[in-house]
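Order of the sequence lines sets the chain letters (A, B, ...), proteins ahead of strands, with each chain counted from 1.
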Amino acid sequence: MPNFYPSNEQELLNRAKLAAGYSFAEIAQYVNMPIPANLNKQKGWVGNLIETYLGANAGSKAERDFASLGIELKTIPINKQGKPLETTFVSVIPLMANHGVIWETSHVKYKLSKVLWIPIEGERSIPLAERKVGHPILWTPTFEQEQQLKQDWQELMDMIALGQVEKITARYGTYLQIRPKAANGKALTEAIGENGEIILTRPRGFYLKKSFTLQILQNSMTHFIN
DNA sequence: TGTTGATCATAT
DNA sequence: ATATGATCAACA
């Protein structure tokens, strides 16, 4: 594989468009990555595959995939109708030291300020190697979408600051929800308890609900070439 | 059958 | 433990 690193937005987008219609097997062969039988033991494999192909380099740093371009990369599994099959992980949530943190400087707004969405076939009935890459969508939140996210974010962050983290379930939030995000149930992190004390709880992450990402997909009229 | 809560791999 | 990449799978 030739070394590729996008020097500007258009280069990145062109590169992403080239992948549309190709199978995971074809992309994997191109970047020389082995294909697992399924995603059970490598849930982030497709994301890593696309990252490698597009030349993302943030690694595990808390940085957007294409830092110099200010772009975050997200693969999104869809069904035959083009609808999202899974929620989209956004970021881990800081549960402590949130005094003074506002939406404008939040990790969520930062990460979602510009996203290159790569729809991918995600139905488990399709062998992983045969699933195809879809057409890229370079997205920036509309004013309305940002307000939707901001509202949920503020409600949820308020609860965390007020020591109600244990009361939060995935049912809170219209478009942005909070769910556990950890290696397993034994992972613990500090948070604020009911009486302002420090407690240990499962690490949490912000996720975009499918109803939100569906808007993005539909607005761009994404489809696969077969 | 759709969601919520749980989990897998890897780098630092 | 926390960050990256997410999907799995139990349960309502």
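Taking 4.0 angstrom as the limit, A/Lys111 places a side-chain polar atom (N or O) nearer than this to OP1 or OP2 of C/dT4. Contact between the side-chain N/O atoms of A/Thr189 and the OP1/OP2 oxygens of C/dT2 is found at a separation under 4.0 Å. At C/dA6, one or more side-chain N or O atoms of A/Thr75 fall inside 4.0 Å of OP1 or OP2 (strictly under the cut-off). Close to B/dA6, at under 4.0 Å from its OP1 or OP2, lies a side-chain N or O of A/Arg202. When the side-chain nitrogen and oxygen atoms of A/Gln177 are compared with OP1 and OP2 of B/dT4, one or more of them lie within a distance under 4.0 Å. Of the side-chain N and O atoms in A/Arg171, none sit less than 4.0 angstrom from OP1 or OP2 of B/dT3.
In this structure, A/Tyr207 atom OH and B/dG5 atom P are separated by 12 Å, rounded to whole Å. What separates CG of A/Leu208 from P of B/dT3 is a distance of 15 Å, to the nearest Å. Rounded to an integer number of Å, the gap from CZ of A/Arg64 to P of C/dA3 is 17 Å. Rounding to whole angstrom units, NZ of residue A/Lys61 and C1' of B/dT10 are separated by 14 Å. The distance between atom CG of A/Asn184 and atom P of C/dA6, rounded to the nearest whole Å, is 21 Å. Atom-to-atom, CZ of A/Arg179 to P of C/dT7 comes out at 11 Å; the value is rounded to the nearest Å. The separation between A/Lys43 atom NZ and B/dA6 atom C1' is 7 Å, rounded to whole Å. Protein atom CD of A/Glu123 is 15 Å distant from nucleotide atom C1' of C/dT7, rounded to whole Å.
Taking the centre and axis of the six-membered ring of A/Phe24, the NZ or CZ atom of A/Arg131 falls outside the cone set by 45° and 6.0 Å. Cation-pi geometry between A/Lys181 and A/Phe89 is met: under 6.0 angstrom from the ring centre, within 45 degrees of the axis.
Listed nucleotides C/dC8, C/dT4, B/dT7 differ in distance to A/Glu86; the shortest reach to its side chain belongs to C/dC8. Which of C/dC8, C/dA6, B/dT4 sits closest to the side chain of A/Asn40 comes down to C/dC8. Nearest nucleotide to the side chain of A/Ala182, out of B/dT7, B/dG5, C/dG5: B/dT7. With B/dA9, C/dT7, B/dT3 as the choices, the nucleotide that has an atom nearest any side-chain atom of A/Lys41 turns out to be B/dA9. Here C/dA3 is the nucleotide among C/dA3, C/dA9, B/dT3 with the atom lying nearest to any side-chain atom of A/Val92. The side chain of A/Asp65 has C/dT4 as its nearest neighbour among C/dT4, C/dA6, B/dC8.
Residue-level contact check: A/Thr87 touches the bases, meaning some heavy atom is under 4.0 Å from a base atom. A/Glu72 comes within contact range of the sugar-phosphate backbone alone, with a heavy-atom separation under 4.0 Å but no base atom that close. If you check every strand for non-hydrogen atoms under 4.0 Å, A/Leu85 touches nothing.
Looking at A/Lys209, its side chain has no donor and acceptor atom pair within 3.5 Å of the base of B/dT3. A donor-acceptor contact under 3.5 Å is not formed by the side chain of A/Lys181 with the base of B/dG5.
Taking every heavy atom of both residues into account, A/Asn79 and A/Glu123 meet most closely at CB-OE2, 3.3 Å.
Residue A/Ala187 is the one, among A/Gly47 and A/Ala187, whose nearest nucleotide of DNA chain C lies closer to the 5' end (criterion: closest heavy atom).
A heavy-atom distance below 4.5 Å is found between the side chains of A/Lys167 and A/Tyr172.
Side chains of A/Asp158 and A/Gln154: a donor-acceptor N/O pair is absent below 3.5 angstrom, by distance only.
In terms of hydrophobic clustering, with Ile, Leu, Val, Met, Phe, Trp and Tyr side chains grouped at heavy-atom distances under 4.5 Å, A/Met96 and A/Leu156 are assigned to different clusters.
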